[in-house]
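Please read the structure below before turning to the comments.
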Amino acid sequence: MAEKGTSKDEETFDVMDLAEYAKRQRWWNRVFGNNSRPIAEKYSVATQLAIGGVTGWCAGFLFKKVGKLAASAVGGGFFLLQVANHTGYIKVDWKRVEQDMNKAKKQLKLNAEKPPAEVRTKVDEVTAFVKRNIVLTGGFAGGFLIGLAS
C-alpha cells in the first residue's frame, strides 16, 4: 500500500512468510478452513460434509429411538384396548368407528387434491435450500441413514 507523503513510485508492502503462517494455523483450520464465498458456500466442502453428517447422524439416531418408542406406545395401547374389550371392561361400537373412519377418508381425499398455499411455499423454500446447499444436504442424508442403522 502506498503511504502518504511518499512519491507514487515508492510503495511499501508487508512481506508474509506463508510457511510460518501455515504452521501457526490449527490443524482443523487447515483441513476445514473457511473461505470468503457467499453465505451459502461459507464453509469448505469438508466442513459442510462434516456438519451435515454429524447433524444427520444425530437426527437419524433420535428418529430411530423415538420411532421405536412411538411404535411401542401405539402397539401397546392397541393391545390393551383389545384385552379390555375381550374381558368385558369396555365395549367398542365398531360400526361407529367404521363410520367415523369413512368420514375421515372422505375429508382427506377432498383436502389432498390441492394443498394449501403455505404448504406449497414451504416446499419451495426447502427445495431452494437443498439446491443451494447440496453438499450439506448430502452429508445430512448420509448421516441420517447411518444414524438409523446404528
Side-chain angles (χ1 to χ4, degrees), residues 1-3 11-86 89-90 92-150:
M1 299 192 126
E3 295 181 11
E11 294 181 1
T12 58
F13 296 97
D14 292 333
V15 177
M16 188 171 170
D17 185 11
L18 292 178
E20 275 300 311
Y21 177 76
K23 286 179 186 175
R24 285 185 298 198
Q25 297 298 314
R26 293 185 176 108
W27 69 268
W28 57 82
N29 284 344
R30 287 192 299 254
V31 175
F32 301 116
N34 293 344
N35 49 32
S36 59
R37 289 185 288 207
I39 192 84
E41 300 174 354
K42 184 176 179 181
Y43 298 102
S44 69
V45 172
T47 304
Q48 290 182 39
L49 281 174
I51 291 171
V54 168
T55 56
W57 181 84
C58 291
F61 188 76
L62 288 174
F63 187 80
K64 176 183 167 183
K65 294 296 181 185
V66 170
K68 283 183 179 180
L69 181 67
S72 299
V74 170
F78 184 71
F79 177 72
L80 289 176
L81 181 66
Q82 289 296 326
V83 168
N85 184 32
H86 286 292
Y89 284 106
I90 60 172
V92 178
D93 187 3
W94 290 109
K95 289 182 182 182
R96 185 170 180 194
V97 170
E98 186 177 355
Q99 290 172 352
D100 290 344
M101 290 297 292
N102 288 334
K103 284 181 189 177
K105 284 181 187 178
K106 288 178 184 175
Q107 288 178 350
L108 285 175
K109 284 181 183 178
L110 292 175
N111 294 337
E113 291 175 6
K114 183 180 172 190
E118 53 270 357
V119 171
R120 287 190 302 252
T121 57
K122 291 298 178 190
V123 168
D124 292 340
E125 288 177 18
V126 169
T127 304
F129 177 81
V130 168
K131 286 180 180 176
R132 279 194 317 266
N133 300 302
I134 193 71
V135 176
L136 182 73
T137 314
F140 181 86
F144 186 82
L145 293 175
I146 292 171
L148 280 178
S150 61

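On a predicted model such as this, the values are computed, not experimentally measured, just so you know.
When the options F61, F63, W57 are evaluated for a ring pair (Phe, Tyr, Trp, His ring centres under 6.0 Å) with F144, the one that passes is F63.
Here D100 contributes atom CG and K105 contributes atom NZ; the two are 12.5 Å apart, rounded to the nearest 0.5 Å. Between the CD atom of Q107 and the CG atom of N102 there is a distance of 11.5 Å, given to the nearest 0.5 Å. Rounding to the nearest 0.5 angstrom, the gap separating the NZ atom in K65 from the CG atom in L62 is 10.0 Å.
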- Message: Using the rule given for side-chain contact (heavy atoms from CB on, under 4.5 Å), can you reason through L80 versus Y89, listing the C-alpha separation, both sets of side-chain angles and the distance that settles it, and then say yes or no?
- Response: CA-CA 11 Å; L80 289 176; Y89 284 106; over 6 Å; no
- Any chance you could lay out the side-chain contact (heavy atoms from CB on, under 4.5 Å) test for K106 and K103, step after step, and finish with the verdict? CA-CA 5 Å; K106 288 178 184 175; K103 284 181 189 177; 5.9 Å; no
- Task: Apply side-chain contact (heavy atoms from CB on, under 4.5 Å) to N85 and W94, showing your working.
- Result: CA-CA 11 Å; N85 184 32; W94 290 109; 3.8 Å; yes
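Residues I51 and L136 approach most closely at CG2-CD1, 4.0 Å, considering heavy atoms. Across all their heavy atoms, F140 and A59 have their closest contact at CZ-CB, 3.9 Å.
The local environment of CD in E125 is crowded, with over 12 non-hydrogen atoms from other residues, nucleotides or ligands closer than 6.0 Å.
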